[in-house]
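This report concerns only the one structure given below.
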Amino acid sequence: GELEEKRRKQSVDWMWTVVEEGLREEFRAHDGVRKILPEVLAKVSRGELAPGAAARQLLETFRK
């Protein structure tokens, strides 16, 4: 009962962890993202770019 349900939940959680790690690796390896990431990070650190706007910019670059 409870142990099997816990194991099923852990399996699903593990699946999503692997998916997220794979996407993160692919995202960071993307040429466009790698090119703009240092400047985007610097702008966020200096308060010149909001985190949400930075994320959208990176995601738009990744989708190109």
- Task: Please report the shortest heavy-atom distance between Thr61 and Ile36, naming the atom on each side.
- Result: OG1-CD1, 3.3 Å
- Rounded to the nearest 0.5 Å, what's the gap from CD on Glu25 to NE2 on His30? Could you check? 15.5 Å
- Task: Mind listing the closest non-hydrogen atom pair of Pro38 and Lys35 along with its distance?
- Result: CD-O, 3.9 Å
- Is there a side-chain contact between Gln57 and Leu49, using heavy atoms and a 4.5 Å cut-off? yes
- Message: Within this structure, what is the CD-OG1 distance for the pair Gln10 and Thr17, rounded to the nearest 0.5 Å?
- Response: 11.0 Å
- Message: Hydrophobic clusters here meaning ILVMFWY residues chained together by side-chain heavy-atom distances under 4.5 Å, can you tell me if Leu23 and Val40 are in one?
- Response: no
- Item | Rounded distance (nearest 0.5 Å) linking atom CZ of Arg28 with atom CG of Leu58 | 9.5 Å
- Message: Quick check on the hydrophobic clustering: are Val19 and Trp14 connected, directly or via other members, by side-chain heavy-atom contacts under 4.5 Å?
- Response: no
- Task: Please report the closest heavy-atom contact between Phe62 and Glu26, naming both atoms and the distance.
- Result: CE1-O, 3.8 Å
- Item | Neighbour count above 12 (heavy atom, 6.0 Å) for Glu39 CD | yes
- Task: Using a strict 4.0 Å threshold on nitrogen-to-oxygen distance, state whether Glu2 and Lys9 make a salt bridge.
- Result: no
- For Arg7, does the CZ atom have more than 12 heavy-atom neighbours from other residues, nucleotides or ligands under 6.0 Å away? no
- Message: Regarding Glu5 and Arg8, does a basic nitrogen lie under 4.0 Å from an acidic carboxylate oxygen?
- Response: yes
